[in-house]
There are 2 protein chains.
Amino acid sequence: MARKTGSHSDITGPRVRAAALKLFAAHGFAAVSMRQIAAEVGVQAGALYLYTPDKQSLLFDLLRDHMQEVLDAWEAEEKPEGPVAQLETFSRFHIRFHLERPEKVFISYMELRNLEPDNFEALGQMRRQYENALEGILKRGQDEGLFDVDDTKLTTLALISMLNGVTSWYKPDGRLSLARVESIYSDMAGKAVRMPRWKERQRKLEAKQAAE
Amino acid sequence: MARKTGSHSDITGPRVRAAALKLFAAHGFAAVSMRQIAAEVGVQAGALYLYTPDKQSLLFDLLRDHMQEVLDAWEAEEKPEGPVAQLETFSRFHIRFHLERPEKVFISYMELRNLEPDNFEALGQMRRQYENALEGILKRGQDEGLFDVDDTKLTTLALISMLNGVTSWYKPDGRLSLARVESIYSDMAGKAVRMPRWKERQRKLEAKQAAE
DNA sequence: ATGCTATCTGAACACACGTTCATATCAAGC
DNA sequence: GCTTGATATGAACGTGTGTTCAGATAGCAT
């Protein structure tokens, strides 16, 4: 018995990806079998190969599509003027976007090592592109004397690590609302890099003295 | 041919754990076979069972021993007076300790889900104990008006996420020295939670006005 | 009603898995 | 030198793996 009513490629295809995402996130790529994925979809294992050439592609497609989504979404995000406001926008965007897709984020940072070298490299490039968006903000802020950052590359990674951490404990029905979490994190990020007022005053003072 | 010269339990046991650690960190628990571990040690798969009851215990023992090491090391660490200095000590300790054991840290945060429920729970308790050390510092700092933290629990997790992130990019022979990384991170952590001076002044002002 | 094609089944392939165990080998104690 | 016990082998067990494929089924076009 094949081809049940209304069961088409357009339906099964997405369901395969959804099942793979769910199971990879829960148990890890290596620990999930094609038969488990098939069972989740309600199909035999052989049928999966109508929708993916192999297991590895199933993982890679999920990761690549996710990263593309992140990049597109950040591209589309309305950006305010000035590094300080932009950093807040980035922090809030990152938290919100990632909390809305916890499983994709999870596998994106967990399963990279299960990718074959070529696929790994492709993903790494996309990730670096995203990191550069944040580093650009930090650099501009530093040039304008608004941020006090020792090393922009390192700080970028530190901030992203911090923001990513949210996915490992946040529960939608937990103690804190999404809006609250957004605020707290973007606050911490801002404070971690902002030029302290006393340092700014000192800088101006020194500039004055040097001019005399 | 068994029992080669000088080949004893005292030698092979640690070598088994070392091989398991190395391979689990590189490819993930589920993706590593007992035969691979045995090959790394230079022994047949069957011999591993003289040193571990099963594969799961191999993982759990690694994770538990690591967490115990962390807890003991922090216990032994000399702590200065005052939350501000203590936070710096904690940050520096965390960075240093974890960068010296990148593989153990990696599997500690990656392979938790491969633990059976009981083992998972045991590990979670140890981890919470460590987090409480940091949260204690934040709480005292907040009580003394030195820190400006919205939610100590959330901030604890955010800081630890940030500090942990270092393990995913740091290379011992890279651009930045361990000492430099320590400084940058502990600096960011401090700034992220410290009470800003203008806010402190405002607080004192308001207290004065309320007294009138 | 018939044929066509997209969709799926179910069995099979070769291989790898974790684990067990009878057997062999060596180092040390008497 | 012989026995003993710790340490290892290597084959085997049953189960599960990713993947392939001939054949079955069902909806659509004619």
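We use all heavy atoms of the structure for the numbers below, so side chains are in, but hydrogens, waters and symmetry mates are not. Throughout, a chain's letter reflects where its sequence line sits, starting with A, and its residues are numbered from 1.
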Six-ring centre of B:Phe29, B:Lys55 cation under 6.0 angstrom, axis tolerance 45°: yes
Can you see if the side chain of B:Tyr51 gets near the phosphate of D:dT7 - specifically, an N or O under 4.0 Å from OP1 or OP2? no
Indicate whether OP1 or OP2 belonging to D:dT7 is found under 4.0 Å from a side-chain N or O atom of B:Thr12. no
Is the closest basic N to carboxylate O distance between [X] and [Y] below 4.0 Å?
X: B:Arg15; Y: B:Glu40; value: no
X: B:Lys199; Y: B:Asp148; value: yes
X: A:Arg194; Y: A:Glu144; value: no

Please list, chain by chain and in numerical order, all residues satisfying side-chain hydrogen bond (donor to acceptor under 3.5 Å, both in side chains) with A:Lys153, sequence neighbours excluded. none
Base-contact (B) and sugar-phosphate-only (S) positions in nucleotides 13-20 of chain C, heavy-atom cut-off under 4.0 Å, - elsewhere: ----BBBB
Please determine, by modelled atom types, if [X] and [Y] share a side-chain donor-acceptor pair under 3.5 angstrom.
X: A:His98; Y: A:Tyr170; result: no
X: A:Asp54; Y: A:Ser57; result: yes
X: B:Ser183; Y: B:Arg92; result: yes

How many Å lie between CD on A:Gln44 and P on D:dA22, as a whole number? 18 Å
Whole angstrom value for the distance that separates P of D:dC21 from CG of A:Leu50: 13 Å
How bent is the helix from C:dA1-D:dT30 to C:dC30-D:dG1, measuring the angle between the end axes built from five pairs each, rounded to 10°? 0°
